[in-house]
Amino acid sequence: MDVIGQCALLAAVRGSPGNMSIFAPASPGAHSIVDLAILTFVVTGLIFVVVEGVLLYSVWRFRQPRVEQTGEPPQVYGSMPIEVAWTAAPTLIVFFLVLVTTRTLWDVEKTQPKSKPGDNTLFVNVIGHQWWWEYVYESYDGRILGFVTANELHMPVSDDDTMRPVYLTLKSADVCHSYWVPRLAGKVDLIPGRVNSLMLETKEPGLQLGQCAEFCGAQHANMLLRVNVDTPEEFERWLANESKAALEESAVADGRAKFLAQSCVNCHAVRGTPARGTYAPDLTHLMSRQTLASGIIENTPETLADWVRDPQPIKPGCLMPAFGLTERDQQLIVRYLLSLR
Amino acid sequence: MTQPASDLPVPPPIAPERMLKPAQWGMASFLLSEVAFFCTLIATYVAFMGKDTVGPTPAQALSLPLVIATTICLLSSSVVIHFAERSLHRGEQKRFLFLLAGTAALGIVFLLGTAIEWRTLIVDHHLTIGRNLFGSTYYTLVGFHGLHVTVGIVAMLIVLVLAIGRELTEKFRNGVELVAWYWHFVDAVWIVVFLVVYVASRSSGA
Amino acid sequence: MSSLVEQPRGIELADRPADVAMNMGWTAQAHEWATTVDHKKIGIMYVVMSIVFLVIGGIEAILMRWQLFYPRSKVLDQDTFNQLFTMHGTTMVFFVGMPILIGIGNYFVPLMIGARDMAFPRLNAFGFWVTLFGGVMVYMSYITGGAPAVGWFAYAPLTSNTFSRGAATDFWALGLIVSGIGTIAGGVNFIATILGMRAPGMTLRKVPFFVWTMLWTSFQILLAIPPLTAALTMIIFDRQLGAHFFDVPNGGSAYLWQHLFWFFGHPEVYILILPVFGMVSEIIPVFSRKVLFGYEFMAAATMGIAFISLSVWAHHMFCVGMGRMPDLFFAVATFLVSIPTGIKFFNWLATMYGGRIWFASPMLFSFGFLSMFLIGGLTGIMLGAAPFDFQLSDSYFVVGHFHWVLIGGTLFGTFAGIHYWYPKVTGRMLSERLARWQFWLLYIGFILTFGPMHISGVLGMPRRIYTYDAGHGWEIWNQLSTLGALIQVPSYAILVYNLITSLWKGKPAGDDPWDAWTLEWMTTSPPPSYNFEEVPTVHSRRPLWDLKHPEDPDWQYE
Ligand code: HEA
Ligand code: HEA
Ligand code: CUA
Ligand SMILES: [Cu+2]
């Protein structure tokens, strides 16, 4: 089955890091969906071939220059047995489709368990914002985590012995969004006023890409998703680092003061400082992220400087304005941000 | 259409169909769309019932005595218009005019009742459409119903003006029948609105 | 093909409306059209309006495709793009799809049932003008500094004041309420006409199939549009009066909007397809020279679709987290639609089978419909398989699906109808040569535009994105799509050209150019304003067949 799924058309992107094909599943859930997909492809494909075949045959066989007769062809008004037959056949097919759909539905929609020690399970709250993702790490393996980060999800990889699933609790801070990492799972919407959940687990380490899939306003197109699947050791290291408050380096004390004096703190939080804003991404460990602004640009000193100078050309319409900082202030602030590892 | 030659098959005679008149079908199908409209508003009302975090709640704000009185007016107006129609068919024009005016008057009383009720709600209970979910759904549902009552009254007044001192034709009678259908529909909707708003949501405690 | 029957010639040529119009001054003509209550003129105005909007909506689509040609291209900015797809979707659904079908129905339902007009001619005119006004109103939003940018299903709370400032969303909602009132007026009128004004002898079991589908479409209109009207009113109350229906922080519900919208939205898509089923059910028999196979089953299937379609709406909401049981329920209901649709399909095939198929342009477009709608229906089944939809929903696969049914189904079928009935409306034939060009350009362009969308969707491309990054394997498919769209442009241009120039260049059509069987072919082309000199009497579903074959009439077999 799988082999057909990864057929020629889709081979182009297999293996490349940009691959977001639903036919390259990297998790059990995505796998069962592919199995269902292939079944429906086969069923509908057969229907297609038969019906289109009859259509083309009739058109070819009974087209006018071919059929040479005078007067009208025999008029056939209908036939009860035939009608019954071609009502029954689709009904049977529908019955079959219902069965396989039900099976897969029960396969992929998982109810969320309670966190307990030794379960190797990660619990994360995901909050969709226009146009970035907030991740609140609740607990892992029964340990309470309680830190906030943004835009790049880290999760541990599963292996043959241990599954290390992630349960995401999905909420929205403003409008509807949808969480979609095609290789890991089908999408689930984040709807204000509702709480949804989604489970991810995979044995494939590395980066998985995705994207917000519900139109959520101006920058919906740039609300990208990145899921870093780490080895358990890497993941523990990452957790340990994220759990800490921001570093205080004396070398950037100036920048820190500048940052705290600006309006940045109204929107952003940096743990361990008076910056406690919740409107925008948490910056405590900004430099542990590979990208900025929900995955649209790489996180380098240059791009960061550009972003702080004026985010609008980079992500037009995004909810962070330009502040008209002096060149010096801006450099200081960027230098400070660069220390937030 | 044609006279078939004698040796050709002869079609069976055409049985006349007994169906409603086009205008009746028109009104019936229009009312069907109104049913869909009010069902949506009622479903919305029910969906938000008891979901409010700020008051006033239906139990706090709605009082029954007035609305029971106006409900009785509205429902009895349905009976009155029925008799109005009857007298129209019997050709008792005076009586018809009197009964129709009575129907309209009962409708107006109903609207006045609503006006008084809304005044109390707004002034005493500070319930406006923007106050809470109850306000939003209540004014929308009851307001649209009231709008329909108003349309019905206007229709009846037009009929009255047209009918005074005039020979009443068949066409006119058909028109009156449709107005009556509409009026019965508006009443029926009120029964549901009453049950949902004044009975169910009031007693649901919220 | 000459008709076998002497037909009543109602009026002298000089009295025909078109010729009368020729002799009138420009203002007199404009006045005539603006004040007309003749169902035929109103029908023409509906169709013309739809084609104008089709070109507008098409231009919007071309702009979007231009932007999507390259990854990270900068032809349009995000706001313009988001406005474009909102206006494109709204235009195509509300101001192209529905009015073109209502227009054709307006012209032909009375003619096909042997009536002299619709039941309520003035209401009919009102319906048209109000629909047009609604369309103009939606476009007026551009004047206020930008069109709405919320998508055609305008999910709350994106439509609230907080997230959509300015008046655009209000214009959008008001415009749709207004045009919705026009549509409801049309639905009421059709029902009253069809149920109350059929020619003597034409029982409900003998109405032409197109009329039958218009009847059920009208019921769908009456049940689906008012909920939309109510929901749009709530949006306006929220925005203008501070109500809280969709205002989540104050207890309102974003989820409720989705239910209300799709309770309208799903029946809406069948409103867009049922009349088309009716048109091809008229055309296929005539051009296969055979009676429609299994009329009763076709009729029952139409009712089946109309009923089932009221209970499948939440298949647009599989990803909102309804839970397994509701997901399953709506998946099953969705699958069930395929059974009656299949019945229709098989009956069309059986009608063609054993016939003598004449590939004039109406049949060509019907063939396009049959061969393409099937695909769109089958991708619909894939979407209906709920877990599969978790992956496909809101991806370009869905965009592929619905264009396949809307163009491959609705538009191909409508074009079949337009080519079939143009001679009746104008008294002239459309150019077959141009029609063939139009068909093949559309067929190829359409497949090339929307086929690749299924693939980019499966490769993870969400819909409604104004730009995308390279490296996901999406570029080539988007480029093919854009190319296909460009191939479609001349096709629509040819249609417009053909429709206009054939008015005077076309071959005179005669009353019954296709040797057809329903009542509209009995009167002159174009029909006189009163349609029939003498109200015809009907004994079977094919009254003209009975006339043409008095020795073997249809009523013997029905
Ligand atoms: C003309 C309009 C039209 C028509 C006719 C259809 C027909 C169908 N549609 Fe489609 N649909 C749309 C217009 C239409 N749709 C639009 C506009 C949207 C998107 C809205 C938006 O999001 O913007 C949409 C979206 C949409 C979705 C939601 C996707 C999503 O957003 O996640 C789904 C899911 O179930 C769906 C399913 C179907 C099905 C099952 C049919 C069925 O009716 C098809 C039935 C036909 C067949 C199956 C083929 C013939 C049958 C046989 C040969 C018999 C044998 C077959 C079997 C037994 C399978 N459609
Ligand atoms: C009947 C309905 C219909 C029709 C016909 C079309 C036709 C087309 N559609 Fe559209 N489409 C929708 C209904 C329809 N669409 C809907 C409902 C949506 C969803 C909106 C939303 O998400 O909110 C959508 C969305 C949609 C998208 C997705 C946008 C997005 O998600 O980002 C795209 C992208 O390519 C697209 C493309 C096209 C194209 C290329 C055509 C082409 O077929 C158009 C071709 C037509 C022309 C090119 C006409 C131009 C003609 C001329 C220029 C000739 C002029 C000459 C003279 C007058 C002499 N459509
Ligand atoms: Cu968030 Cu789209
Ligand atoms: Cu649907």
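Computed from a prediction, not measured in an experiment: that's the story for all the values here.
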Quiz item: Which of residues 109-127 of chain C have a heavy atom under 4.5 Å from any heavy atom of chain B?
Solution: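 The stretch touches chain B at A119(C), F120(C).
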Quiz item: Residue by residue, which of residues 211-219 of chain C have a heavy atom closer than 4.5 Å to a heavy atom belonging to chain B?
Solution: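 Residues F219(C) are the ones that qualify, each having a heavy atom under 4.5 Å from chain B.
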Closest heavy-atom contact between [X] and [Y]?
X       : Y       : answer
H244(C) : S136(B) : N-OG, 2.9 Å
G196(C) : P22(B)  : O-CG, 3.7 Å
V188(C) : G26(B)  : CG1-O, 3.4 Å
P9(B)   : P550(C) : CD-O, 3.4 Å
P12(B)  : W555(C) : CD-CE3, 3.7 Å

Point-to-point distance, once rounded to the nearest 0.5 Å, from [atom1] of [X] to [atom2] of [Y]:
X       : Y       : atom1 : atom2 : value
H259(C) : T40(B)  : NE2   : OG1   : 13.5 Å
T140(B) : M234(C) : OG1   : CE    : 7.0 Å
L228(C) : F37(B)  : CG    : CZ    : 11.0 Å
I191(C) : L32(B)  : CD1   : CG    : 7.0 Å
F237(C) : T137(B) : CZ    : OG1   : 12.0 Å
I14(B)  : T537(C) : CD1   : OG1   : 5.0 Å

Where does [X] contact chain C at under 4.5 Å (heavy atoms): side chain, backbone, both or neither?
X       : answer
T128(B) : neither
F38(B)  : neither
A28(B)  : neither
P13(B)  : neither

So what's closer than 4.5 Å to chain B heavy atoms on [X]: side chain, backbone, both or neither?
X       : result
L260(C) : side chain
I184(C) : side chain
T203(C) : both
L256(C) : side chain

Is the count of non-hydrogen atoms from other residues, nucleotides or ligands lying under 6.0 Å from [X] atom [atom1] greater than 12?
X       : atom1 : answer
R205(C) : CZ    : no
F83(B)  : CZ    : no
Y557(C) : OH    : yes

Practice problem: Name the member of P227(C), G187(C), G252(C) that forms the most heavy-atom pairs with chain B at distances under 4.5 Å. | Solution: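 The answer is P227(C).
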Quiz item: Between F245(C) and F48(B), how do the two ring planes meet: parallel, tilted or perpendicular, split at 30° and 60°?
Solution: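 Because their plane-to-plane angle lies in the 30° to 60° range, the rings of F245(C) and F48(B) count as tilted.
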Quiz item: What residue, out of I129(B), N132(B), V54(B), T53(B), has the most heavy-atom pairs lying under 4.5 Å from chain C?
Solution: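 Going by pairs under 4.5 Å, I would pick I129(B).
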